[in-house]
Amino acid sequence: MGLPRAAISLLLHEAHRRSFSGTIATLGRQHVYATEDEIRQLAARHDVQLSDAQVTMHREPSLRERRFISDDSLYQLLGFQQSIRIDCSEYEAPDELLDLNQSETPSHLVEAFDVILDSGTIEHIFDVPAALRHCSRMLRPGGRVIHITPTANCVDHGFYSISPTLYADYYKASRFQIDRLYVCRLPNRFERRSWQAYDYLQAGRESLPFGRLDRRAWFTYAVATRTKDSLLAVPQQSFYLTTWGEWDTASKLADGEAMLAEPPHTKAARLLRTVEFSRTLTTLARSAIRCWRWLVNRFRACGEKHVPWPYAGRF
């Protein structure tokens with residue numbers, strides 16, 4: 001995908017929160033679809049002071065003619081002193097050759113980078129868990145990984161469309177700090193137009209009903225920071241962890257305590273009173289009540305046109 005203007009705007013949004021410095025590694029070489037003037041305008045919008053780097057034009061003639069700058073120049077403007085491109089092919093002249101499907105990270109790349117930028121690469125890696133582990137190992141403590149990956153309506157763009165719960169659950173299980181997690185609605189010409197972002201972290205845990213998103217392409221934008229306690233983890237999906245935890249808590253309640261959870265005059269309370277002589281039937285009844293409410297809420301939600309995440313802004 002490269003770095004269209006909206007993706008650069010998201011990077012500047014992150015730079016405003018915490019400035020960039022040191023060494024950035026990019027998964028693949030990123031095409032920059034913006035001029036220096038456009039980047040400076042975006043920086044002013046986000047109140048970010050760019051560096052005084054000497055700007056060079058894009059290496060490809062068609063993009064150079066449009067005054068789009070090189071990827072190195074963009075990273076220097078953002079404050080990085082060094083940029084390293086990682087790829088499994090020499091096609092775009094990377095600095096490091098690494099197949100992210102491999103299990104081992106080369107020792108000289110372990111804890112070598114302050115930022116790892118994945119702007120549309122991980123969905124092309126067959127072994128996504130291996131790629132995530134490489135990102136975790138290659139980051140220095142305090143370093144950030146940034147993902148901008150397709151989530152919906154991107155058929156055959158890569159092997160996968162990545163749901164935001166992958167990043168939320170993997171990085172939480174790995175003891176990273178999750179700084180931002182947006183779901184972005186893209187326009188048809190996404191390289192040059194703005195994106196609408198919705199804040200996934202500030203929403204409830206309910207899963208998104210099938211068919212809720214519109215016909216536009218949707219991407220996930222994630223920023224996570226490696227902590228000193230970070231580890232390589234295999235996550236379970238948080239939706240089910242929460243569901244299992246609620247079920248386990250409910251099953252351990254005394255019958256009288258379970259009854260207190262329901263208003264006394266509801267149909268649910270009457271059902272629970274009917275089966276209160278049996279602990280097994282009470283547990284089954286409470287499970288049925290939860291499933292019914294979930295189905296009713298999902299049916300109602302399917303008729304709504306808005307997405308269930310708070311609006312985070314336009315980038």
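Values in this document were obtained by computation on a predicted structure and should not be read as measured data. Residue indices begin at 1 and follow the sequence shown.
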Check your understanding: Does a side chain donor of either Tyr171 or His147 reach within less than 3.5 Å of an acceptor in the other side chain?
Key -> yes
Check your understanding: So does Arg180 pair up with Glu14, basic N to acidic O under 4.0 Å?
Key -> yes
Review point. Is the number of heavy atoms from other residues, nucleotides or ligands under 6.0 Å of Gln102 CD greater than 12?
Key: yes
Check your understanding: Near Glu111 CD, under 6.0 Å, is it more than 12 heavy atoms from other residues, nucleotides or ligands?
Key -> yes
Exercise for review: For Thr151 and Ser161, indicate whether the former's side chain and the latter's backbone hold a donor-acceptor pair under 3.5 Å.
Suggested key: no
Practice item. Please report the C-alpha distance between Arg5 and Glu38 in whole Å, then the side-chain angles of each, then the deciding distance to 0.1 Å, and finally whether the salt bridge (Lys or Arg N to Asp or Glu O under 4.0 Å) criterion is met. Key: CA-CA 8 Å; Arg5 286 195 304 186; Glu38 289 171 338; 3.2 Å; yes
Check your understanding: When you check the gap from the basic side-chain N to the acidic O, do Glu36 and Arg67 get nearer than 4.0 Å?
Key -> no
**Study point:** Electrostatic pair Arg85-Asp72, nearest N-O below 4.0 angstrom
**Key:** yes
Practice item. Walk me through it: do Asp214 and Arg185 pass the test salt bridge (Lys or Arg N to Asp or Glu O under 4.0 Å)? Key: CA-CA 9 Å; Asp214 62 18; Arg185 181 177 183 264; 2.5 Å; yes
Revision key, fill the gap. In short, Tyr170 meets Ala233 closest at the heavy-atom pair CE1-O, 3.5 Å
Practice item. List for me each residue that meets salt bridge (Lys or Arg N to Asp or Glu O under 4.0 Å) alongside Arg133, sequence neighbours excluded, and say none if there are none. Key: none
Review point. So, for Phe20 and Arg144, which heavy atoms are closest and what is the spacing to 0.1 Å?
Key: CD2-NH2, 3.3 Å
Review point. If you group Ile, Leu, Val, Met, Phe, Trp and Tyr by side-chain heavy-atom gaps below 4.5 Å, do Val128 and Tyr167 land in one group?
Key: yes
Check your understanding: What's the verdict on side chain to side chain donor-acceptor pair (under 3.5 Å) for His58 and Glu65, showing C-alpha distance, side-chain angles and the deciding distance?
Key -> CA-CA 9 Å; His58 202 286; Glu65 289 176 0; over 6 Å; no
Practice item. Decide whether Leu186 and Tyr33 are clustered together by the hydrophobic rule: side chain heavy atoms of Ile, Leu, Val, Met, Phe, Trp, Tyr closer than 4.5 Å, transitively. Key: no
Review point. Hey, mind stepping through His134 and Thr105 against side chain to side chain donor-acceptor pair (under 3.5 Å) and telling me if it holds?
Key: CA-CA 6 Å; His134 284 300; Thr105 305; 2.6 Å; yes
